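Just so we're clear, the structure is a prediction, and the values are computed from it rather than from any experiment. For this chain, numbers begin at 1 and follow the sequence in order.
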Amino acid sequence: TRPGQAIRLEGMRGNQPFSTEIHVGNMMGDMVSAARMGNTFAAIRVSELLRQGRFVAGNPDLAQTILENAAKLGNPEAKSRIALQLMQVEEGARDSEKIEALLIEVVEANDPTWSSWAMNKLGEIAAASEDENRKAQAVVWYRRAAAAFRYDSIHALAWQYLTGDGGAAQDYERGMELMHMAAEDGGHTAALLNLAIIYTNGSYGRQKAGEIAVPAARKVAEAELTGGLSDDWKKRVEDVLKAWNATPYDPVEIQQLLTDLGFSPGAVDGRIGNATKRAIRQFQARQGLDVTGEPSVALVSDLRWARAQQR
C-alpha cells in the first residue's frame, strides 16, 4: 500500500458482517497532528515511521529528535527506547549512568508495560556488575519485575535462587518453583529448555523425569517453526530428546488429532504405523499440503490449526 490508497476491511463481528475503509494517506497526517498537540504516544509512532521510511521519506535525525522530545515530556516508552539505544553502544563508550537514570525514571512512572521492562533491565545490569554490592541488587530488581508477571524476570530470578548469585540465598525449591512458573504459565522458551535439561540431568535437587523433560523439549522444538531457535538451542533440544529416546513431536497427540478430525490412524498408542501414515497423507491432501505421510512438528501445528477451525 502507498499513501493515498484506501484499504477495505471486511469480516464478521459476532453474527453481523462489517465493512470499513482505511485511508492510508490520512494515518500519517493524523498522527503528526496529534504529535504537534503534545500526544507523546503519537510522536513515538511518527518517530518510528520516519526512522523506517514508511509512508513518509526516511529521516533518522528528525526521528531521533521527536523521540527525545517525547522523553523530555515524560513518556516512559520514549525513555525506554532511548535507554535501549544507549545500551547498544560499545561498552567502553557507553553512558552507564544515563542509562540507569533513564531506567529508574521509567520504573518510577509506574507504567504497566515499560516499568517492569525497566526493572528487568536494571536487574540484568546489576547481575553483570563485577561489584558484589551492586550484583546483590539484581535479585531486588528481578523480584520487583517478577511481581508484575514478567516471565523473563521470573526466569532470571529462578536462576538467581538456583545458583545463589546476584544477592539471592541459594534455594533450589524456590528456584525450581519459579522456573516452572516461567515455563508452564508464561511459556518462556528459555525456561522450558532449562526445565528439559534439569530434569534430564537430575540437577538442582531434581530427580530425572522424562514426563517433564520431554514435553518441555517438544515445546521448545515448536519454536523452530517461527525461526526462533539458535543452532545451540537446537542441539540442546536434540540432546534431551535423544537421552529419552523421544521424537520432537508427540505421536499420541498426532493420532488423537487425526481421530478428532475424522481420519482413521488406528489405535491411539503412540506407534506411527501404516494406518497412521495413511491418515496423515489423507489429511495433508485435504489441506493442500505436501503429501509426505510423515509425522513432524509442523504436522502437529497444522493438525491443531485444522481442529481449531472446526470448533
**Q.** Shared hydrophobic cluster, L258 / V300 (ILVMFWY, side-chain heavy atoms < 4.5 Å)
**A.** yes

Q. Looking at side-chain heavy atoms only, is the closest gap between R81 and I44 below 4.5 Å?
A. yes

Q) Got a sec: does the CG of D290 have more than 12 other heavy atoms crowding it under 6.0 Å? A) no

Q: Working to the nearest 0.5 Å, report the span between NZ of K135 and CG of D165.
A: 5.0 Å

Q.
Whether E173 and R206 form a salt bridge (side-chain N of Lys/Arg under 4.0 Å from carboxylate O of Asp/Glu) is what I want to check.
A. yes

Q. Does atom CD of Q207 have more than 12 heavy-atom neighbours, drawn from other residues, nucleotides or ligands, at distances under 6.0 Å?
A. no

Q | Evaluation steps, side chain to side chain contact (heavy atoms under 4.5 Å, CB included), between I154 and H188 | A | CA-CA 9 Å; I154 293 173; H188 191 275; over 6 Å; no

Q: State, to 0.1 Å, how close A275 and G266 come at their nearest heavy-atom pair, and which atoms those are.
A: CB-N, 4.1 Å

Q: Report the C-alpha distance between L86 and I82 in whole Å, list the side-chain angles of each, state the deciding distance to 0.1 Å, and finish with yes or no for side chain to side chain contact (heavy atoms under 4.5 Å, CB included).
A: CA-CA 6 Å; L86 294 172; I82 291 172; 4.2 Å; yes

Q | Check against side chain to side chain contact (heavy atoms under 4.5 Å, CB included), V214 and L241 | A | CA-CA 6 Å; V214 172; L241 294 171; 4.3 Å; yes

Q.
So which atom in A191 and which in A183 form the shortest heavy-atom distance, rounded to 0.1 Å?
A. CB-N, 3.7 Å

Q.
Looking at R45 and E77, is any side-chain nitrogen of the basic one under 4.0 Å from a carboxylate oxygen of the acidic one?
A. yes

Q) Should W114 and L84 be regarded as members of a common hydrophobic cluster, given that ILVMFWY residues are connected when their side-chain heavy atoms come within less than 4.5 Å of each other, either directly or indirectly? A) yes

Q | Inter-residue atom distance Q160.CD - W141.CH2, 0.5 Å rounding | A | 14.5 Å

Q: Indicate if W159 and Y142 have the same hydrophobic cluster label, given that clusters are the connected sets of ILVMFWY residues with side-chain heavy-atom separations under 4.5 angstrom.
A: no

**Q.** Candidate list R304, R307, K219, test salt bridge (charged side-chain N to carboxylate O under 4.0 Å, His left out), partner E253, passing option
**A.** R304

Q) Are any non-hydrogen side-chain atoms of I198 and M176 less than 4.5 angstrom apart? A) yes

(Q) Does atom CG (D232) have a neighbourhood of more than 12 heavy atoms from anything else shown, all under 6.0 Å? (A) yes

(Q) Is there a path of hydrophobic side-chain contacts, each under 4.5 Å between heavy atoms of I/L/V/M/F/W/Y residues, joining Y151 to M179? (A) no

Q) What distance do S115 atom OG and L103 atom CG have between them, rounded to the nearest 0.5 Å? A) 10.5 Å

Q. CD of Q282 to CG of L261: how many Å apart, nearest 0.5 Å?
A. 12.0 Å

Q: Take atom CZ of R94 as the centre, draw a 6.0 Å sphere, and report whether it contains more than 12 heavy atoms from other residues, nucleotides or ligands.
A: yes

(Q) Any donor-acceptor pair under 3.5 Å linking the side-chain atoms of Q284 with those of T292? (A) yes

Q: Decide, yes or no, whether a salt bridge links K235 with E238 under the criterion of side-chain N to carboxylate O below 4.0 Å.
A: no

Q.
Would you say that Q85 contacts L67 through its side chain, given a criterion of any heavy-atom pair below 4.5 Å between the two side chains?
A. yes

Q. When rounded to the nearest 0.5 angstrom, what distance separates CG in D260 from CG in L303?
A. 9.5 Å

Q) Does CD in E97 sit with more than 12 non-hydrogen atoms of other residues, nucleotides or ligands closer than 6.0 Å? A) no

(Q) Is it true that Q64 and R51 share a donor-acceptor pair across their side chains at a distance under 3.5 Å? (A) yes

Q) Where the side chain of Q255 meets the backbone of G270, is there a donor-acceptor pair that is under 3.5 Å apart? A) yes

**Q.** Note, D302 side chain near F283 side chain (heavy atom, < 4.5 Å)
**A.** yes

Q: Give a yes or no answer on whether the side chain of T189 reaches the backbone of V220 with a donor-acceptor pair at less than 3.5 Å.
A: no

Q.
To the nearest 0.5 Å, what is the distance between CG on N69 and CD1 on I66?
A. 8.0 Å

Q. Taking S47 for the side chain and A43 for the main chain, is one N or O donor matched with an acceptor at less than 3.5 Å?
A. no

Q: Over all heavy atoms of both residues, which pair between L50 and A63 is shortest? Give the atoms and the distance, please.
A: CB-CB, 3.8 Å

Q | ILVMFWY network linking W117 to I99, side-chain heavy atoms under 4.5 angstrom | A | yes

Q.
If I compare all heavy atoms of S116 with all of T113, which pair ends up nearest, and what's the gap?
A. OG-O, 3.3 Å

Q. Stepwise, does the side chain to side chain contact (heavy atoms under 4.5 Å, CB included) test hold for V237 with R218?
A. CA-CA 8 Å; V237 170; R218 284 173 173 164; over 6 Å; no

Q: Say whether, by atom type as modelled, one donor and one acceptor occur between the side chain of S301 and the main chain of V297 under 3.5 angstrom.
A: no

Q) Would you say Q170's side chain and Y161's backbone share a donor-acceptor pair under 3.5 angstrom? A) no

